[in-house]
Amino acid sequence: MRNNIFAHIDCNNFYASCERVFNPLLRNKPVVILSNNDGCIVARSEEAKALGIGMGVPYFKVKNVIDQNKIFVFSSNYTLYGDLSERVMNVLSNFTPNIEYYSIDEAFLSFNKIYLNNLTDYGKSIKEIVLKNTGIPVSVGIAKTKTLAKIANEFVKKNSKLNGVFDITNFPKMDRLLQQVPVHDIWGIGSQYAKLLMKNHVLSACDFKNIDEHWVKNKMGVVGLRTCLELREISCINLEETIKAKKGIMSSRSFGRYVTELDEVEEAVSQYTTRAAEKLRMQNSVCGSLYVFIQTNHHKLHEKQYSTGRTISLQEPTSYTPELIKEALYILRKIFKKGYKYIKAGVYLSSIIPGSDIQLSMYKNTEHTKLNSVMKAVDGLNLIWGRDTIKFASSGIEQKWKMNMCYRSNRYTTNWDELLMIRI
DNA sequence: TCTGGGGTCCTAGGACCC
DNA sequence: TCTGGGGTCCTAGGACCC
């Protein structure tokens, strides 16, 4: 029997909720979390939203409001958020084997309705158990397609009477419900398509649902068409249950300050390559090409701008960090120009294939095995003793270019030195 | 002074081949 | 001087997501 019901689970204000789990003083207080480099606001508690702090706005623009209202500010602490996310997902996976880990704070579950007589009650128990076991509040939207489940969840967030769960699998007035959803709030409709649709007098999810299919296919391709059909309760976006290996791996950061000297950019690029290669090995892959880019600050129009990057194809696919660093620095030295104030650099690994695909065919087989075991040992030590216990000299010691992280909370769950201390 | 960092999929068009 | 049609593969770019 086919699963025909989807639940969308969304952690409420996830990063803010994570901070609250280990810091009860933050309960009922306004909290915001900053992006990497303490640049923008990326998460807000309800209280902070109520004070008018917008999503994605640069920190310096709202710093006054934040200070005046004594809003708590945190740098992002992805180590902590990643760990709590894993805990939430673990709890969710007890409810059904059919689960998609959609993002750090969202999941889709699917199940068969005939085994459940009351979906709303089921949703409530999901919510209660996740909260009890992890301390993270979630909301639940239930529908016949993933797109509609997302929409149901949006209603949950706007309407406290729903108590965190909204089941629209047999909603009697679906059109009236969808009329309340602006077209740009539909999952899969971004700013460009929203503009196009509004120009054509398609203003709500209801309008989009009832639009001519051929027009959609023509203007928005098959992706747009799928979204349209999903609003008609025809499920065409499947649950992605298997975690696929990444096809591209990026590591890039803005610098904490301007960098003008080659040797400092070299340190950064070396560090980012190290990080990307770790991710690559984590999924047991190797990469066949590598892209390096550097950028000046494009927000400063009056400053001299230079933004460039270059790709290199590797002779043999590899995940061996020293080799990748060598290639990355080779590119960097080709593209680097003196006389500019650089603000960001990055490394992107692509042409990714499973490591097992090359090992057999490699004539330098034994050499490969040796290098692999070296990297395995390094990864193992860094896992146990913390990131960068063993690092590469080319990444520098002082790392003056490092991003700002002025307000980071402790990594309560993953670092021995940062466990929660309780005085008794 | 200060503006994030990742990813995915699809499509159009060019290169190349027979 | 004329100069087909169909297929594949690759890449860049555009849309989207969190």
Side-chain angles (χ1 to χ4, degrees), chain A residues 8-11 13-15 32-43 54-64 66-67 73-78 81-82 85 100-108 146-147 150 153 183-197 216-227 230 236-238 240 243-258 268 272 275-276 279-280 283 288-289 291 293 295-301 303 309 311 313 341 343-352 403-407:
Chain A
H8 175 249
I9 319 289
D10 199 345
C11 300
N13 314 321
F14 182 55
Y15 298 167
V32 298
I33 286 82
L34 306 179
S35 64
N36 273 331
N37 221 22
D38 295 340
C40 306
I41 309 286
V42 289
M55 179 68 175
V57 295
Y59 176 46
F60 72 89
K61 284 193 181 167
V62 284
K63 193 162 186 311
N64 276 341
I66 286 177
D67 291 346
V73 177
F74 291 92
S75 306
S76 354
N77 184 345
Y78 287 104
Y81 310 152
S85 170
E100 171 183 342
Y101 307 105
Y102 178 66
S103 75
I104 195 163
D105 68 336
E106 287 176 62
F108 288 100
K146 284 165 78 175
T147 305
K150 277 269 226 183
N153 216 335
V183 85
H184 60 257
D185 281 355
I186 304 169
W187 183 47
I189 308 291
S191 58
Q192 295 307 303
Y193 286 152
K195 219 189 285 174
L196 172 78
L197 289 168
V216 178
K217 171 79 185 12
N218 192 337
K219 299 281 186 190
M220 301 167 66
V222 294
V223 180
L225 182 58
R226 279 202 281 259
T227 298
E230 285 243 319
C236 23
I237 304 177
N238 294 328
E240 300 283 344
I243 299 169
K244 292 188 200 139
K246 303 255 180 285
K247 294 167 183 170
I249 292 175
M250 168 86 90
S251 177
S252 78
R253 293 276 182 286
S254 298
F255 305 134
R257 57 158 171 78
Y258 285 125
Y272 303 159
R275 194 69 69 232
K279 293 189 207 167
L280 185 65
Q283 61 171 36
S289 61
Y291 173 74
F293 68 87
Q295 287 173 2
T296 50
N297 188 346
H298 58 264
H299 289 107
K300 301 284 178 203
L301 296 173
E303 289 177 0
T311 306
S313 287
K341 289 153 68 181
I343 196 65
K344 184 176 182 179
V347 172
Y348 183 70
L349 308 179
S350 57
S351 307
I352 289 175
M403 68 176 178
N404 299 317
M405 259 203 322
C406 302
Y407 318 99

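Order of the sequence lines sets the chain letters (A, B, ...), proteins ahead of strands, with each chain counted from 1.
- Nearest-nucleotide assignment on DNA chain B puts the 5′-proximal partner with A:Y78, out of A:I249 and A:Y78.
- Atom CG in A:D38 sits about 13 Å away from atom C1' in B:dT1, given to the nearest Å.
- Residue contacts for A:D105: at a heavy-atom cut-off of 4.0 Å it reaches the sugar-phosphate backbone alone, with no base atom in range.
- When the P atom of B:dT3 is taken as reference, atom CD1 of A:I66 falls 15 Å away, rounded to whole Å.
- Checking B:dT3, C:dA15, B:dC10 against the side-chain heavy atoms of A:Q192 singles out C:dA15 as nearest.
- Listed nucleotides B:dC10, B:dC9, B:dT3 differ in distance to A:K61; the shortest reach to its side chain belongs to B:dT3.
- Under the 4.5 Å side-chain criterion, counting only non-hydrogen atoms from C-beta, A:K246 is not in contact with A:L280.
- Between A:K63 and B:dT1, a side-chain N or O to OP1/OP2 separation shorter than 4.0 Å is absent.
- In this structure, CG of A:D10 is placed 14 Å from P of C:dC17, rounded to the nearest angstrom.
- Applying the Watson-Crick and G-U wobble criteria (two distances, each under 3.5 Å), B:dC18 pairs with C:dG5.
- Salt bridge annotation for A:E303-A:K341: present, with a cationic side-chain nitrogen under 4.0 angstrom from a carboxylate oxygen.
- If you measure from atom CG of A:L196 to atom P of C:dG14, you get 16 Å, rounded to the nearest angstrom.
- Looking at heavy-atom distances under 4.0 Å, A:S76 makes no contact with the nucleic acid at all.
- For A:V222, the listed nucleotide lying nearest its side chain is B:dT11; candidates were C:dC16, C:dC18, B:dT11.
- Expressed to the nearest 0.5 Å, how far OG of A:S76 lies from CG of A:N36 amounts to 5.0 Å.
- Atoms OH (A:Y272) and P (B:dG4) sit 13 Å apart, rounded to a whole Å.
- Heavy atoms of A:L225 sit nowhere under 4.0 angstrom from any nucleic acid atom.
- In this structure, A:L349 atom CG and B:dG6 atom P are separated by 11 Å, rounded to whole Å.
- Distance A:M55 CE to B:dT3 C1': 14 Å, rounded to the nearest Å.
- Comparing atom distances between the A:N36 side chain and each of C:dC18, B:dC9, B:dG5 picks out B:dG5 as nearest.
- Rounded to a whole angstrom, the distance from the P atom of B:dT3 to that of C:dC17 is 25 Å.
- Considering only side-chain N and O atoms, A:R226 lies under 4.0 angstrom from the phosphate OP1 or OP2 of B:dC10.
- Using a 4.0 Å cut-off, some side-chain N or O of A:K279 falls inside it from OP1 or OP2 of B:dG7.
- Centroid-to-centroid, the aromatic rings of A:F108 and A:Y102 come within less than 6.0 Å.
- The side chain of A:K247 contributes an N or O atom lying less than 4.0 Å from OP1 or OP2 of B:dC9.
- The listed nucleotides are B:dG7, B:dC9, B:dT3; the one nearest the side chain of A:M250 is B:dG7.
- Just one of A:E230, A:E100, A:H8 meets the side-chain hydrogen bond (donor to acceptor under 3.5 Å, both in side chains) condition when paired with A:K146; it is A:E100.
- Among the heavy atoms of the strands lying under 4.0 Å from A:G248 are primed sugar atoms or P, OP1, OP2 only; no base atom is included.
- Mapping A:S252 and A:Y258 onto DNA chain B by nearest heavy atom places A:Y258 at the nucleotide closer to the 5' end.
- Aromatic pair A:Y78/A:Y15: ring centres closer than 6.0 Å.
- Within 4.0 Å of A:I104, counting heavy atoms only, lies no atom of the nucleic acid at all.
- When the nucleotides B:dC10, B:dG5, B:dC2 are ranked by their closest atom to the side chain of A:F60, B:dC2 comes out on top.
- Considering only the side chain of A:K246, B:dG7 comes nearest among B:dT3, B:dG7, C:dC17.
- Using a 4.5 Å heavy-atom threshold, the side chains of A:K150 and A:D10 count as separate.
- Taking every side-chain heavy atom of A:S254 into account, B:dG4 is the closest of B:dG6, B:dG4, C:dC16.
- Checking B:dG4, B:dC10, B:dT8 against every side-chain atom of A:S35, the shortest atom distance belongs to B:dG4.
- A:R253 places its CZ atom 9 Å from the C1' atom of B:dG6, with the value rounded to the nearest Å.
- Considering only the side chain of A:K300, B:dT3 comes nearest among B:dT11, B:dC9, B:dT3.
- Counting any heavy atom pair closer than 4.0 Å across all strands shown, A:K150 reaches sugar-phosphate atoms only and no base atom.
- One finds no side-chain N or O of A:K341 lying less than 4.0 angstrom from the OP1 or OP2 phosphate oxygen of B:dT1.
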